[in-house]
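Written below as structure tokens is the structure these notes are about.
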Amino acid sequence: MPDVPTSLTYREAYARLSRIAAELESGEADLDRVLPLLEEARAAYAACRERIEAVRAVLAGGWAEAEEDGEEDPGLDADQEA
């Protein structure tokens with residue numbers, strides 16, 4: 001199974017998925033190459049999903065908790081606040 005580094009960025013993992021999909025859809029992939037491609041795709045998909053879930057967790061938890069605690073938006077200047 002091809003190793004997919006854990007430090008793979010979302011963009012890199014998505015590019016791998018796109019390349020693999022194109023190769024499989026072309027019908028030109030050798031049968032002996034299909035299983036390694038699917039394993040690489042599974043690892044790249046897992047990397048993409050992990051990054052998406054991390055962002056969701058921050059958006060759902062981090063920002064919501066900050067608003068509940070009454071923290072101000074750090075992007076606002078004092079004269080912009082209502």
Side-chain angles (χ1 to χ4, degrees):
M1 174 175 142
D3 291 328
V4 176
T6 56
S7 62
L8 198 63
T9 68
Y10 177 85
R11 186 172 293 208
E12 291 166 337
Y14 187 84
R16 285 186 184 202
L17 285 172
S18 295
R19 176 187 51 80
I20 292 166
E23 186 172 341
L24 292 173
E25 288 173 350
S26 75
E28 300 297 319
D30 182 65
L31 186 59
D32 293 326
R33 180 145 165 73
V34 171
L35 184 57
L37 282 174
L38 292 176
E39 291 172 346
E40 182 181 355
R42 185 175 69 172
Y45 173 78
C48 285
R49 184 175 174 178
E50 180 180 309
R51 301 294 288 191
I52 290 169
E53 291 302 319
V55 170
R56 282 184 179 159
V58 168
L59 292 176
W63 284 1
E65 289 173 9
E67 288 177 4
E68 289 173 5
D69 292 341
E71 293 181 18
E72 297 175 5
D73 184 352
L76 293 178
D77 293 333
D79 55 303
Q80 289 179 323
E81 295 177 6

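Positions are given from 1, in the same order as the sequence printed here.
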Self-check item: side-chain contact (heavy atoms from CB on, under 4.5 Å) assessment of Leu35 paired with Glu39
Solution: CA-CA 6 Å; Leu35 184 57; Glu39 291 172 346; 3.8 Å; yes
Quiz item: Can you name the nearest heavy-atom pair linking Ala13 to Cys48, along with the distance?
Solution: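 For Ala13 versus Cys48, the nearest heavy atoms are CB-SG, 3.5 Å.
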Between side-chain atoms of residues 25-32 and protein atoms elsewhere (two or more places apart, or another chain), which donor-acceptor pairs fall under 3.5 Å?
from	atom 1	to	atom 2	distance (Å)
Ser26	OG	Glu23	O	2.7
Ser26	OG	Glu28	N	3.1
Asp30	OD2	Asp32	N	3.2

Practice problem: Could you tell me which residues satisfy side-chain contact (heavy atoms from CB on, under 4.5 Å) with Arg56, sequence neighbours excluded, listed by chain and number? | Solution: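 Checked Arg56 against side-chain contact (heavy atoms from CB on, under 4.5 Å); matches are Ile52, Glu53.
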Quiz item: With Ser18, which residues qualify under side-chain contact (heavy atoms from CB on, under 4.5 Å), at least two apart?
Solution: Tyr14
Exercise. Output all residues satisfying salt bridge (charged side-chain N to carboxylate O under 4.0 Å, His left out) with Arg19, sequence neighbours left out; order by chain, then residue number.
Key: Glu40
Quiz prompt | Separation of Thr9 OG1 from Arg51 CZ (nearest 0.5 Å) | solution =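 Taking CZ in Arg51 and OG1 in Thr9, the distance rounds to 7.0 Å.
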Self-check item: Co-members of the apolar cluster containing Tyr45 [side chain, <4.5 Å]
Solution: Leu17
